[in-house]
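Below: the structure, in structure tokens.
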Amino acid sequence: MKKTTAFFCQECGYESAKWVGQCPACRNWNTMVEEPVRAAAPKSGAASRGFAGTSQSHRPVSLKEIGGGQEVRVPTGFPEMDRVLGGGVVKGSMILIGGDPGIGKSTLLLQAAANMAKEGRSILYVSGEESLQQIRLRAERVGGASDTLKFYCETDLDDVRETVLVEKPELVIIDSIQTMFSAAVDAAPGAVSQVRETTGVLLRLAKETGTTIFIIGHVTKEGTVAGPRVLEHMVDTVLYFEGDRYSSYRILRGVKNRFGATNEIGVFEMRGEGLVEVPDPSEYLLSGRPAGASGSVVTCSMEGTRPMLTEVQALVTRSSFGFPKRQAAGTDLNRMSVLLAVMEKRLGIPLSEYDAYVNLAGGMRQKEPSLDLGIVLAVLSSYTGRVIDSGVVAFGEVGLAGEVRQVAQAEQRVQEAAKMGFTTCILPKAGLSKIRAPKGIKLLGVRSIGEAKDLI
Ligand code: TYD
Ligand code: MG
């Protein structure tokens, strides 16, 4: 068979016959690399139809003709993870867990596997990264010993496929997709074409046998191996495991889910004995708040269906250069710059002469517009040096005219604030009358940032 090469985008997997400087799909520059394409032509028939599998009808059907009941969900033993998955693992689905190396992906899946194995489910953990001894040490640390949880160190995908067909596990974990190798593609493990091919084979295996397959994918910034984004469109569910390397908290975030809502998050803490769930994230996000410091206010944003209280910190200092410095950690820098401009124009504060730094405490990353009011108040507090009372929580979207606009699920946010012991909530006036205030919290509606300024 004649071998040919093509150019693949390392970022999104786009395939092009000729080299281009900028990927036409994801618009990233210098991401195209030359790699051999699949040597054998895809087989026709069920196997090449991907997820269609063999048991599906090969003619168009109406909804009435489609049989099958509810999808079967298996709990992972981690309610935090189940919520992100939409209520447990769907049988026969393929789930990608991406994240930076060392963030805890292997630990998370090993613990989830151990939990499910304790319920008597047969699980095969395929590792291409670690030796059996290394896995044993980790499993002993997190208490993962179980008869139905088996380990297999292999990188040859054909062997893995054979093993799955023989052992018939209910669930397979591939750690990681970047170490897997298929002889059908003449490229090194981790190359875009190799990662796509191996994922394709696993996808067909999942749909043919009804096995649930978890794949781990490292996110790589250097671009030497293909990242999980190449695979996002192929799998059913994409979760990212993220966190600050220097903090022990980890967030599992759903970014795609064919069987549930996205944007849900699960919070974990990495401890000596493995990952432990954090069922009440507001509590940890607020722990260690400075007392009596200016430039700090608590805001409430929604992560999926869940309200979360986060501390916004701002530091405003007179600029020593002509060009003021702006820096945002955990939130959008452009959004922050717009808010500073709105404050300058509408409140008459000369922020263009000041450097400004905004930070979401606890290593959170949020972009929700409801953060706006918190950012404005934190900046204001740092500028004036007036301390905002520690019992205040503030949220609302800020428009270019300095107006404070309504945000969704205001009542849930207020309830969360009340639950965490906050006594005052500054929020958009619009829609305020519809909110039933829980006991112990005073609601102060504002129409503009000028009105909010007068409250602190
Ligand atoms: P790991 O799951 O190997 O990361 P990944 O698979 O995403 O590359 O996690 C590695 C880190 O987690 C490592 O720095 C050590 C830490 N860790 C703990 O703190 N406690 C534990 O019980 C375990 C198993 C790991
Ligand atoms: Mg690992």
(message) Checking side-chain polar atoms at under 3.5 Å, does S127 have a donor or acceptor matched by the opposite partner on D175?
(response) no

(message) Ring centroids only, cut at 6.0 angstrom: are F268 and F78 within range, meaning strictly under it?
(response) yes

(message) Checking side-chain polar atoms at under 3.5 Å, does K105 have a donor or acceptor matched by the opposite partner on H218?
(response) yes

(message) I'd like to know if the side chain of T198 reaches the main chain of V195, judged simply by a donor and an acceptor atom lying under 3.5 Å from each other, with no hydrogens or angles considered.
(response) yes

(request) Tell me yes or no: between the side chains of T31 and Q10, is some donor less than 3.5 Å from an acceptor? (result) no

(request) Can you spot which of T212, V172, V238, I213 makes a side chain to side chain contact (heavy atoms under 4.5 Å, CB included) with M94? (result) I213

(request) Start with the C-alpha distance between E416 and R306, add both sets of side-chain angles, then the distance that settles salt bridge (charged side-chain N to carboxylate O under 4.0 Å, His left out), and finish with yes or no. (result) CA-CA 9 Å; E416 176 75 1; R306 187 187 218 191; over 6 Å; no

(message) With rounding to the nearest 0.5 angstrom, report the CG to CG distance, L380 to L347.
(response) 6.5 Å

(message) Under a 3.5 Å cutoff, is there a donor and acceptor pairing between the side chains of S294 and R386?
(response) no

(message) Is it the case that the side chains of R318 and Y354 hold a donor-acceptor pair, with the cut-off being a distance below 3.5 Å and no angle test?
(response) yes

(request) Check the side chains of E353 and S319 for a donor-acceptor pair under 3.5 angstrom, ignoring hydrogens and angles. (result) no

(request) Indicate whether the side chain of Q409 and that of E411 have a donor and an acceptor atom separated by less than 3.5 Å. (result) no

(request) Please confirm whether the backbone N or O of R27 pairs with a side-chain atom of Q22, one donor and one acceptor, at under 3.5 Å? (result) yes

(request) Report yes or no: does R250 contribute a side-chain atom to a donor-acceptor pair with the main-chain N or O of I103 at less than 3.5 Å? (result) yes

(message) Can you confirm if the aromatic rings of Y152 and Y125 lie within a centre distance of less than 6.0 Å?
(response) no

(message) Less than 3.5 Å apart, any donor N or O on the side chain of Q366 or T331 sitting next to an acceptor on the other?
(response) no

(request) Please check if any side-chain donor atom of R413 sits under 3.5 Å from a side-chain acceptor atom of S370, or the reverse. (result) yes

